[in-house]
K.L.:
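So that we are looking at the same thing, I have put the structure below in structure tokens.
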Amino acid sequence: MLARELVFSAVVLGIQFLLCTAQCNNATTTLRDAADITQLASCKTFTGTIVVATDSAAVMDIPGLETVQGDFIAANNSLLTTLSSSTFSVITGTVLFQNLPFLTNLTLPNWISSGTLHFDTVPEPTVHDFQQNGQQVNNLIVRNTTFAFLAGLALQGAQMDTLKIVDNPFLQIINLQMGNISQSATIKGSSADLVVMLPNLTYAYELNISNGSQVVLPRLQAVNGGMSIGSIKSPNISAPALTFVGGDLNITDSGLSELNMNELVNVQGSMNLVENAQLADLSGLSSLSVVGGLNLVGPFSNTTLPSLRRVQGNAIIESTQALNCSDISSTLVQGSYVCHAAVSISANPSNAAVPPDHGLTGGAIGGIVVGIIAALALLAAGTMILYRRQRGGVQEPPQQQEQSKVFENPVHEVGTEQRRRDAAEKDGNAIFEMRDRWPDRGELPGSQARPNRVRPEKRYELS
Ligand SMILES: *[C@@H]1O[C@H](CO)[C@@H](O)[C@H](O)[C@H]1NC(C)=O
Ligand SMILES: *[C@@H]1O[C@H](CO)[C@@H](O)[C@H](O)[C@H]1NC(C)=O
Ligand SMILES: *[C@@H]1O[C@H](CO)[C@@H](O)[C@H](O)[C@H]1NC(C)=O
Ligand SMILES: *[C@@H]1O[C@H](CO)[C@@H](O)[C@H](O)[C@H]1NC(C)=O
Ligand SMILES: *[C@@H]1O[C@H](CO)[C@@H](O)[C@H](O)[C@H]1NC(C)=O
Ligand SMILES: *[C@@H]1O[C@H](CO)[C@@H](O)[C@H](O)[C@H]1NC(C)=O
Ligand SMILES: *[C@@H]1O[C@H](CO)[C@@H](O)[C@H](O)[C@H]1NC(C)=O
Ligand SMILES: *[C@@H]1O[C@H](CO)[C@@H](O)[C@H](O)[C@H]1NC(C)=O
Ligand SMILES: *[C@@H]1O[C@H](CO)[C@@H](O)[C@H](O)[C@H]1NC(C)=O
Ligand SMILES: *[C@@H]1O[C@H](CO)[C@@H](O)[C@H](O)[C@H]1NC(C)=O
Ligand SMILES: *[C@@H]1O[C@H](CO)[C@@H](O)[C@H](O)[C@H]1NC(C)=O
Ligand SMILES: *[C@@H]1O[C@H](CO)[C@@H](O)[C@H](O)[C@H]1NC(C)=O
């Protein structure tokens, strides 16, 4: 009798176990109503994709479930008003909220991390309780929302892969605390009053920010690819710690009157400062030493760059003001140098257009001799120490030694994950990939002046 009961219990338990296992491992589970939710409630961990049906109940409260090894999708649902779970903690894949016009209550107080968090065409929920510290998200995509703030979302992950915040016309504040962005950051199409604050960002692979009133990047040190800032109203675009940009540095159509980039030493692409109606001088670029190209269009009256050693490509200056075109010595320009000023105050008009590879002055020859010595030194060891010695050779001010220290900060160590390294090696477009040395071969004797590369291939290296 007892034995029979035990067997019976065991069978029941076994069936329950099987049921639970099946429910907790279902490639895709669709939640439509309370019954579907109840089925899931016994799972702490669900493996697979959870989809909220497009015709679900208006209030979906999902208890019990803590971890989803997969995606969570709520999309194209005009009924859903409340989505909540007091237990949801980790969703390893993508969390997608898409086209939910009546979602007003999004309550996920224990949510800590997800691979990707993607909001697309959703209104700002009037209740959104996920403001706990410590959310970790590898990718954050926010598109076409009515969000006003992206600050409550305390994304504290040290490192993110992708940040994409586009077409959110009411967005006024972005304040996210990630330390590094290993792939790209794009912010555009927000409110004209948008203030972008990325107070802890030290490194980004690529950074495009446009449309807003202010950009504050107090710790940004290096951007491996291109960086562009466009249509920002503020007169102060602040990146006081930036030392290196591996691609173009574009600042266009801004209210900028003064740059604050006094640590910036090297821009490997072209530096394009155009359509900034208030920008008259380059005094905030006091350390700029090597630049791939220069394109300065605007009311410039002083383009003196005291630390400039080399423009690897072309320099084009068009000023609507009186400008001394000798502010930038044509001998530093390896490509062509074209300078047009409304009123030229140059003592030497021939400086206005110097064709490439011609008319070397004594200074240029001296530079080449220094270059040969430097090249030999670089060939011998190729270290930054030698780089410093070379700079000493051209008698740069002593404070420049301070600048080169910044390069010892190993940007190429960003993203220690092997996964990323592998991916990088595969697609040949790597954070870690170092095709060439820096300083580059433009400096070696007999090398051609480089054309003004739009997309430089070289990456930042310290060897
Ligand atoms: C998976 O979930 C769907 C709907 O949620 C259900 O119809 C199906 O029976 C489940 N499959 C398993 C193996 O549990
Ligand atoms: C929601 O609908 C849009 C437009 O029809 C479609 O592009 C999108 O893929 C749908 N989302 C999901 C998750 O099915
Ligand atoms: C939001 O949803 C949660 C969980 O369902 C609920 O407790 C709370 O009362 C809702 N808030 C509002 C304002 O509806
Ligand atoms: C953006 O969201 C609005 C609703 O807020 C919607 O009407 C419009 O179709 C969406 N646009 C795109 C391009 O998705
Ligand atoms: C960001 O920097 C501030 C100090 O400026 C610090 O208090 C905070 O903990 C940092 N956040 C993260 C996620 O590291
Ligand atoms: C940044 O802008 C440049 C030029 O428009 C573009 O080529 C690049 O793909 C953009 N990068 C991102 C991450 O949007
Ligand atoms: C910078 O501007 C140039 C010229 O408009 C453009 O070709 C290039 O793609 C831009 N680069 C970035 C990173 O925005
Ligand atoms: C947003 O910025 C881009 C790039 O600077 C610019 O072309 C565009 O006109 C701006 N849009 C608005 C609405 O200001
Ligand atoms: C930038 O300028 C605005 C005024 O336009 C000022 O309120 C703000 O404090 C400045 N920010 C920085 C970081 O200098
Ligand atoms: C031009 O700017 C440089 C560096 O900012 C400064 O030293 C110099 O005095 C300025 N020249 C004139 C004529 O204003
Ligand atoms: C223009 O600048 C050059 C180099 O700085 C200087 O030698 C020259 O005197 C300046 N010309 C005028 C008219 O200020
Ligand atoms: C960002 O990358 C730099 C360079 O590798 C590293 O030193 C720093 O610790 C990283 N910061 C964070 C918050 O991960």
Side-chain angles (χ1 to χ4, degrees), residues 28-34 37 41 49-65 70-88 91 93-111 116-131 141 143-145 257-264 273 279-289 296 298-308 317 319 321-329 332 339 341 343-347 396-397 399-400:
T28 299
T29 283
T30 304
L31 303 182
R32 185 167 281 109
D33 51 30
I37 290 172
T49 299
I50 296 178
V51 177
V52 176
T54 55
D55 57 349
S56 74
V59 176
M60 297 294 275
D61 180 48
I62 304 167
L65 195 58
D71 302 338
F72 182 91
I73 294 169
N76 297 326
N77 183 323
S78 306
L79 302 166
L80 192 66
T81 60
T82 296
L83 187 61
S84 64
S85 171
S86 56
T87 52
F88 257 16
I91 297 159
T94 295
V95 177
L96 171 64
F97 300 112
Q98 184 180 46
N99 198 11
L100 304 170
F102 300 110
L103 183 69
T104 51
N105 183 344
L106 186 58
T107 299
L108 301 169
N110 281 307
W111 171 66
T116 295
L117 177 59
H118 187 167
F119 291 96
D120 184 349
T121 313
V122 292
E124 175 153 87
T126 43
V127 177
H128 49 99
D129 180 2
F130 42 87
Q131 307 204 359
I141 304 168
R143 192 192 78 88
N144 194 34
T145 69
S257 58
E258 204 181 304
L259 279 164
N260 180 8
M261 297 188 178
N262 282 304
E263 299 288 312
L264 184 61
L273 302 176
L279 189 62
D281 69 42
L282 301 176
S283 54
L285 292 170
S286 59
S287 302
L288 188 65
S289 170
L296 310 174
F300 291 100
S301 56
N302 183 351
T303 52
T304 302
L305 289 166
S307 302
L308 190 67
I317 300 173
S319 172
Q321 301 297 314
L323 178 71
N324 182 346
C325 281
S326 308
D327 281 354
I328 290 173
S329 164
L332 301 177
C339 175
V343 184
S344 176
I345 52 173
S346 173
E396 285 191 343
Q399 71 265 24
Q400 289 306 306

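We count residues from 1, following the sequence as given. Remember, it's 1-based here, ligands and their atoms both numbered in the order they're listed.
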K.L.:
Please list, in number order, the atoms of ligand 3 under 4.0 Å from a heavy atom of S84.
P.N.:
4 (C), 5 (O)
K.L.:
Please check this pair: side chain of T87 against backbone of L65, looking for a donor-acceptor N/O pair closer than 3.5 Å.
P.N.:
yes
K.L.:
Please confirm whether the backbone N or O of V59 pairs with a side-chain atom of T82, one donor and one acceptor, at under 3.5 Å?
P.N.:
no
K.L.:
Return yes or no for this condition: an N or O of N105 is under 3.5 Å from an N or O of ligand 3.
P.N.:
yes
K.L.:
If we ignore hydrogens and angles and just use 3.5 Å, is the side chain of T116 paired with the main-chain N or O of T94 as donor and acceptor?
P.N.:
no
K.L.:
Please answer whether the main-chain N or O of A53 pairs with a side-chain N or O of N77 as donor and acceptor at a distance below 3.5 Å.
P.N.:
yes
K.L.:
Is a side-chain N or O of N110 found less than 3.5 angstrom from the main chain of F88, in a donor-acceptor match?
P.N.:
no
K.L.:
When you compare ligand 3 with T82, is there at least one nitrogen or oxygen pair between them that comes in under 3.5 angstrom?
P.N.:
no
K.L.:
Using every non-hydrogen atom in the two residues, find where S287 and N262 come nearest and quote the distance to one decimal.
P.N.:
OG-O, 2.5 Å
K.L.:
Can you pull the residues with any heavy atom under 4.0 Å from ligand 2?
P.N.:
I73, A75, N76, L96, Q98
K.L.:
For the pair T121 and N144, evaluate side chain to side chain donor-acceptor pair (under 3.5 Å) and give the outcome as yes or no after the intermediate values.
P.N.:
CA-CA 5 Å; T121 313; N144 194 34; 3.1 Å; yes
K.L.:
When you look at CD of E258, are more than 12 heavy atoms from neighbouring residues, nucleotides or ligands closer to it than 6.0 Å?
P.N.:
no
K.L.:
Within the structure, does S283 bring an N/O atom to less than 3.5 angstrom of an N/O atom in ligand 10?
P.N.:
no
K.L.:
Provide the number and element of each atom of ligand 3 under 4.0 Å from a heavy atom of T107.
P.N.:
1 (C), 2 (O)
